[in-house]
Amino acid sequence: CFLGLVGGDPAKWRKFMEQRFKPAAWVDEVIAEDEKWRALTKKKDELRKKVNQIQKEKITPKKKAKEDCTAEIAEMKAVQQEIKDVEEQLPLVAESRDKLLNRIGNIVDPEVPISDDEDADNLVISLFPTPPEGDGILPASQGTLKYTLPETKPLTHDELLWRIGGYEPTRGQQVAGHRAYFLTNAGVLLNQAIINYGIAFLSERGYNVLQPPFFMNKDVMASIAQLDDFDEQLYKVSGKTDDPNESKDKYLIATSEQPICAYHKDEWIEKSTLPLRYAGISTCFRKEAGSSGKDIRGIFRVHQFEKIEQFCLTDDDFEVSSAEHKRMLQCAKDFYESLGFSYRVVCLVSNELNDAAVKKYDLEAWFPGQQAYRELVSCSNCTDYQARGVGVRCGQAQGKKGDLSARASYCHMLNATLCATGRGICCLLETYQTPVGVVVPEVLRPYMGGKDFLPFVRGPPEASKGEKNKKK
C-alpha cells in the first residue's frame, strides 16, 4: 500500500497526520491490522506446505505399500479445514485494514502552512491587480497582510441578478425546496456564455473536452470520494432503472472531477502520452449539509450548478506534477484576468486539505458588493492518491523477465476549478454593476449574441419576512 508499511517509514506518516490535525495513532492501527493480515497469509502458506508434506511423506508411501492411511488422511483434512478457516478470516481482516487505511491522508507539501486557522494562516501568494504597496509584500500570512483593497460597489449579486431579470428564487423554492431557483433570460445567457467561453478557453490550451455521466456507481465513487462526502455532499439516486435488483447504488456527482478521475480506470497509460489534460463540463449536485445558514440569498451556494473543471494526469514524478499544478493555477488566473476580476491566491493551511491533496491553492475573487474575497477556484495536486483507488498506472505494463526494479507506477492526478458558473455570475454582476444595469465583459460578448449591457428591468426584490422583522 502507499504507506510502504514493509520497509517504509511510519514515523513520516505519523508526522503528516499530525500536520493534518488528525490522530497519528491511526497509522499504528493500520500497521497492526496489516500485521494480522500478513500473519494469516503466512499461516495459510505454512499450512499448504504441511498438506503437501503429509501427502508426500505419509500418505503416498503408505498407499504405495498398500497400507492403511486413514489416520494420515484425517490429519490432512484437519489441516485443510484450518486453511479454509484462515481463508475466511483473510478478507475480513483485509477489509478492516483497508477501511482504516482510507482514513490516512496524503503527504503534505513543504509550502503548506501547518495550521488549523485558515483566516490567520492561509498563505497569500498572489494579488491581482498589484496593490499600490507592490509585489514585495508577498508571500504573507492572510491574518497579517495589510494592503489597499480593490474598490467597493453598492449592490450584491442577489439583488443585481433579480434586477436584470436573471432568476426566480421563490418559484424555484416552490418547485424544489431550499436553495433552488430558475435562471431566466439574462441569467441563462450569462450561464451559457461562461460555459462556452470556458470550453473555448481550455480548448485553445490543448485540453480535451469531456461531458461525463452525472451519476456514478457507489463502488467507483467510494474509490475516489472521502467517506464524509457521502453524508455531507452526495445525493443518492434511488429507483429501479437498469438495475432492477438495486444491487448497485448510484450517486449524483458533486463535480466532474469524480467521473473523470475514473475515466482511465484500471488502465496503463504510456508515459510518452502524458500529460493528459481534460476540460470537464457538467452539472454538479451538492447537499451542502454543512453550510446551513450560509449564503442563503442568490446563487453563490446552491444544490445544483454548472462547472467547468480542469483535470490533468502526469507521470509519477513529484516535480513534474508540481509544475503542472502551477501551470493549472496560472490557467485559472489567466481566465479571471481576462474577465477583469480582482483576486488573490492563497495556499491553504494543512487542516483544510482533503485527504487526497498534498497542496491546495484557492483563487478568491473580490466581490465589490460584499466587500470580501470569495472562493472561485480550488486547485489541488493529489499525486498518486486517487490513481491508486481507480488503478490508473503509467509506464510499462510489465517489466522484462527477471527485472527486479520493475514496479507499478501510478499516475499523478490534479484538479482545478476553471469556473463554477453560478459563482462566476455573482462576481461578474458585482464587478460590472452600474446605476442602471450590468456591463457584459468584452470576452463574453461573442457568446451573448453580441449583448454588451444588461439593463435593470425591475426594482429591488421584496424583503423577506426575517429582513422585515429586523427593520422593525
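No experiment lies behind these values; they were computed from the predicted model shown. The residues of the chain are indexed from 1 along the displayed sequence.
Side chain of Arg445 to backbone of Lys451: no donor-acceptor contact under 3.5 angstrom is found. Between the side chain of Asn217 and the backbone N or O of Val220, no donor-acceptor pair lies under 3.5 Å. Tyr336 contributes a side-chain N or O that, together with a main-chain N or O of Leu418, makes up a donor-acceptor pair within less than 3.5 Å. With hydrogens and angles disregarded, no donor-acceptor distance shorter than 3.5 Å links the side chain of Arg388 to the backbone of Cys411. Looking only at distances, no side-chain donor or acceptor of Gln19 sits under 3.5 Å from a matching main-chain atom of Val108. Without hydrogens or angle criteria, Thr417 side chain to Ser378 main chain gives a donor-acceptor distance under 3.5 Å. Judged purely by atom type and a 3.5 angstrom limit, Asn354 uses its side chain to pair as donor or acceptor with the backbone of Ala357. In this structure, the side chain of Trp366 engages the main chain of Glu151 through a donor-acceptor pair within 3.5 Å. Panel note: side chain Arg423, backbone Cys419; no donor-acceptor pair is recorded below 3.5 Å. For Glu375 (side chain) and Asp362 (main-chain N/O), no donor-acceptor pair under 3.5 Å exists by modelled atom type.
Counting non-hydrogen atoms of other residues, nucleotides and ligands closer than 6.0 Å to CG of Asp135 gives a total of 12 or fewer. Within 6.0 Å of CD on Glu95 lie no more than 12 heavy atoms contributed by other residues, nucleotides or ligands. No more than 12 heavy atoms of other residues, nucleotides or ligands shown are found within 6.0 angstrom of CD on Glu442. Enclosure of atom NZ in Lys15 is not indicated, since only 12 or fewer non-hydrogen atoms of other residues, nucleotides or ligands lie within 6.0 angstrom. The neighbour count for Lys22 NZ, taken as heavy atoms of other residues, nucleotides or ligands under 6.0 Å away, is above 12. Within a 6.0 Å radius of CZ in Phe215, no more than 12 heavy atoms belonging to other residues, nucleotides or ligands are found.
Checking His412, Gln310, Arg277 one by one against Glu324, the side-chain hydrogen bond (donor to acceptor under 3.5 Å, both in side chains) holds for a single residue, Arg277.
The pair Asp316-Lys271 counts as a salt bridge, with a side-chain nitrogen and a carboxylate oxygen less than 4.0 angstrom apart. Between Glu18 and Arg14 there is no salt bridge, since none of the side-chain N atoms of the basic residue sits less than 4.0 Å from a carboxylate O of the acidic one. Between Lys153 and Glu430 there is no salt bridge, since no side-chain nitrogen of the basic residue lies less than 4.0 Å from a carboxylate oxygen of the acidic one.
Using a 4.5 Å heavy-atom cutoff, the side chains of Arg297 and Glu159 are not in contact. Between Phe453 and Val440, the closest side-chain pair of non-hydrogen atoms is not below 4.5 Å. Side-chain contact between Thr255 and Arg286 is present, with heavy atoms from C-beta onward closer than 4.5 Å. Within the 4.5 Å cutoff, the side chain of Ser203 has heavy atoms near those of the Val209 side chain. For the pair Leu414 and Met328, the minimum side-chain heavy-atom distance is below 4.5 Å. The closest side-chain heavy-atom distance from Ile253 to Ser282 is below 4.5 Å. Using a 4.5 Å cut-off on side-chain heavy atoms (C-beta onward), Arg301 and Ile296 make no contact. Residues Pro435 and Phe456 are not in side-chain contact: their nearest non-hydrogen atoms beyond the backbone lie 4.5 Å or more apart.
Contact between Val349 and Asn122 at its shortest, heavy atoms only, is N-OD1, 3.0 Å. Residues Gly424 and Leu376 come closest through the heavy atom pair N-CD2, 4.5 Å. Across Cys261 and Val392, no two heavy atoms sit closer than the pair O-CG2, 4.4 Å. When all heavy atoms are compared, the tightest approach of Ile260 to Gly280 is CD1-CA, 3.6 Å. What you find for Val188 and Leu183 is that their closest heavy atoms are CG2-O, 3.4 Å. For the pair Phe305 and Ala254, the tightest heavy-atom approach, listed with the atom from each and the gap, is CZ-O, 4.3 Å.
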Before you tell me yes or no, could you show the steps for Leu429 and Ile164 under side-chain contact (heavy atoms from CB on, under 4.5 Å), namely the whole-Å CA-CA distance, both residues' side-chain angles and the distance that decides it to 0.1 Å? CA-CA 10 Å; Leu429 295 173; Ile164 63 172; 3.8 Å; yes
Decide yes or no on side-chain contact (heavy atoms from CB on, under 4.5 Å) for Leu145 and Leu138, but give the supporting numbers first. CA-CA 8 Å; Leu145 182 61; Leu138 301 177; 3.9 Å; yes
Applying side-chain hydrogen bond (donor to acceptor under 3.5 Å, both in side chains) to Arg393 and Tyr410, what does each step give before you reach the verdict? CA-CA 4 Å; Arg393 296 170 172 84; Tyr410 290 88; 3.0 Å; yes
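A cation-pi arrangement is not found for Arg171 relative to Phe182, the charged atom failing to lie both closer than 6.0 Å to the ring centre and inside a 45° cone about the ring normal. In this structure, Arg374 is positioned above the aromatic face of Phe300, its NZ or CZ under 6.0 Å from the six-membered ring centre and within 45° of the axis. Figure legend: Arg458 and Trp162 shown as a cation-pi pair, the cationic atom lying under 6.0 angstrom from the six-membered ring centre and within 45 degrees of its axis.
The line from OH of Tyr373 to CZ of Arg344 is 6.0 Å long, rounded to the nearest 0.5 Å. Between atom CD of residue Glu267 and atom CG of residue Leu313 there is a gap of 10.0 Å, rounded to the nearest 0.5 Å. Rounding to the nearest 0.5 Å places NZ of Lys326 at 7.5 Å from OG of Ser322. Considering CD of Glu364 and SG of Cys427, their distance stands at 11.5 Å, rounded to 0.5 Å. Here Ile199 contributes atom CD1 and Gln211 contributes atom CD; the two are 8.0 Å apart, rounded to the nearest 0.5 Å. The structure places CG of Leu339 at 7.0 Å from CD1 of Ile194, a figure rounded to the nearest 0.5 Å.
Between the side chains of Gln386 and Glu257, a donor-acceptor pair is found at a separation under 3.5 Å. No side-chain donor from either of Gln192 and Asn196 sits under 3.5 Å from a side-chain acceptor of the other. Under the 3.5 Å distance criterion, with hydrogens and angles disregarded, no donor-acceptor pair is assigned to the side chains of Ser141 and Asp121. Defined by atom type and a distance below 3.5 Å, a donor-acceptor pair is missing between the side-chain atoms of Asn351 and Ser115. Between the side chains of Glu168 and Thr184, no donor-acceptor pair of N or O atoms lies under 3.5 Å. Judged purely by distance below 3.5 Å, without hydrogens or angles, the side chains of Thr170 and Tyr181 never pair a donor atom with an acceptor atom.
The list of salt bridge (charged side-chain N to carboxylate O under 4.0 Å, His left out) pairs with a residue in residues 303-314, not counting sequence neighbours, reads Lys307-Glu309. Note on residues 109-158: pairs passing ring pair (Phe, Tyr, Trp, His ring centres under 6.0 Å), not counting sequence neighbours, are Phe128-Tyr343.
The aromatic ring centroids of Tyr197 and Phe335 lie less than 6.0 Å from each other. Taking the six-membered ring for Trp, Tyr278 and Tyr263 have ring centres closer than 6.0 Å.
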